[in-house]
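We name chains A, B, ... by the order of the sequence lines, and we start the count at 1 in each one.
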Number of protein chains: 2
Amino acid sequence: MKKEKHDKIRKSLLESAEQLFARFGFEKTTMNDIANEARKGKSSLYYYFSSKEEIFKAVVTIEAERFKSIITETLENIDDTKEQIKQYFSIRMHRFQELSNLYAAMRNDYLRKLDFIEKIRKQYDREELEFIQNLLEKGVNRDEFEIKNITDTSFALASAIKGLEYPMVLHKDETNLDHRIDALLSILFYGIVKR
Amino acid sequence: MKKEKHDKIRKSLLESAEQLFARFGFEKTTMNDIANEARKGKSSLYYYFSSKEEIFKAVVTIEAERFKSIITETLENIDDTKEQIKQYFSIRMHRFQELSNLYAAMRNDYLRKLDFIEKIRKQYDREELEFIQNLLEKGVNRDEFEIKNITDTSFALASAIKGLEYPMVLHKDETNLDHRIDALLSILFYGIVKR
DNA sequence: ATTTGACTTTTTTACCGAAATGGTCGAAAA
DNA sequence: TTTTCGACCATTTCGGTAAAAAAGTCAAAT
């Protein structure tokens, strides 16, 4: 079976799509645009994907998987849970920044009734919440952390990340990003009360 | 001077306006609606206010002042900075919840190009950041807190609050609100690292 | 197995007059 | 003098519609 070629073209289509989605958003990008960018006829897209939505989901999924594998690879070499959280935050925010165009495109369309985009967001919010919760639980089990209510704490932490994320979409202050992450982590680990 | 009556009518107009803005948002509320609600002719509104925007700003200002005075009154009887922060968070979030209709209305219109609403939001974001910063500074000066970079920490904290605020607009989980505030404050004060 | 042009169906756009809306002004009421 | 409002204007929104553009289908060609 010549699956290779098939996959290669599929991949090239997704790359074209990602570029365009990041630049123009979901709505403003047409199937024709994607096809042209990939030097194919529009109809060909439907040989590889069943719909525009599916293409978009595939693009997002690819980036999500890429992110997850970066995280997994990075964290598996780290023993200290605290350090894992540090790395997670740092990679997470920088990755977000790199993809901010795509995210911004999502965000714009997303408050325009595109409920399938909202579903995608919720899906990943849930996943992130779960991931954070697992990290915290592990830290507690290893006696590194001391947390009364892990569920609420995870939620607070996930919310805090999203709060940090929001202004990044608007003005891209790359300068302060690391400082802000540090500040958040410093609070998270040690709090502000003097001892 | 019979300023009393003037002020009374003005107030009644603002009450009508607030009700309607909270229900329908800025755009869907017409000057006629406000006038009818207050049993006046539309033209009369312009005797008390110069424009629709001004009415909206006045409504928001009233609520903001009300909030500030609640905060001031509550905090001035508290000596402990930590306790002040607790109270601030609690009142802040509950107040937000009470006004969530108005906020939601703002939020909807706000991503619809109403840049004057965006300005209002930014204004209050700035004020909140400043307020938080002052609280932290006071805590540090009184040797209650130990914070490396107050600016970044304030920013992180303000972001965290806004992150917590966001899901409240969507689903109104009153149940978990207090727990989540507690979780956030617990992190803020003591961190999660075991000692 | 892959591509595409011709085709159908659905969605968006452009445009129009009508209605609604924000805002003004001066006369009238209080 | 202070307050109210009807008549009025300018601009924006709305409803409906025809044309354009887009998504999606399919069978023939490669």
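Taking atom CZ of B/Phe116 as the reference point, atom C1' of C/dG22 lies 13 Å away to the nearest angstrom. Here D/dG24 presents its P atom at 13 Å from CG of A/Asn32, a figure rounded to the nearest Å. Counting to the nearest Å, the P atom of C/dT3 and the CE atom of A/Met31 are 14 Å from each other. Atoms CG (A/Asn36) and P (C/dT3) sit 15 Å apart, rounded to a whole Å. Rounding to whole angstrom units, OH of residue A/Tyr46 and C1' of C/dG5 are separated by 15 Å. The nearest whole Å value for the distance from the CD atom in B/Glu27 to the P atom in D/dT11 is 19 Å. A/Arg39 has its CZ atom 13 Å from the P atom of C/dT4, to the nearest Å. One interatomic measurement links the two molecules: CZ of B/Arg10 to P of D/dT3, which rounds to 12 Å at whole-angstrom precision.
With A/Phe116 as the aromatic partner, A/Lys57 does not meet the cation-pi criteria of under 6.0 angstrom to the ring centre and within 45 degrees of the ring axis. For the pair A/Arg10 and A/Tyr48, the cation does not sit on the ring face, since its NZ or CZ is not both under 6.0 Å from the ring centre and inside 45° of the axis.
If you check distances only, the side chain of A/Lys42 does reach the base of D/dA23 with a donor-acceptor pair under 3.5 Å. Put simply, the side chain of B/Ser43 and the base of D/dG6 share a donor and an acceptor less than 3.5 Å apart.
Dashed line: the shortest gap from a side-chain N or O of A/Thr30 to OP1 or OP2 of D/dA22 is not under 4.0 Å. Within the structure, a side-chain polar atom (N or O) of A/Lys40 is placed less than 4.0 Å from OP1 or OP2 of C/dT3. Taking only side-chain nitrogens and oxygens, B/Tyr47 comes nearer than 4.0 Å to OP1 or OP2 of D/dT3. The phosphate of C/dT4 (OP1 or OP2) has a side-chain N or O of A/Ser44 nearer than 4.0 angstrom.
Contacts of A/Leu45 with the nucleic acid, taken as non-hydrogen atoms under 4.0 Å apart, are absent. Using a 4.0 Å heavy-atom criterion, one finds that B/Tyr48 contacts the sugar-phosphate atoms exclusively.
Checking side-chain atoms of A/Asp33 against main-chain N and O of A/Thr30 turns up a donor-acceptor pair under 3.5 Å. Within the 3.5 Å criterion, the main-chain N or O of B/Thr81 finds a donor-acceptor partner in the side chain of B/Glu144. Side-chain N or O atoms of B/Ser69 include one that pairs as donor or acceptor with a backbone N or O of B/Arg66 at under 3.5 Å.
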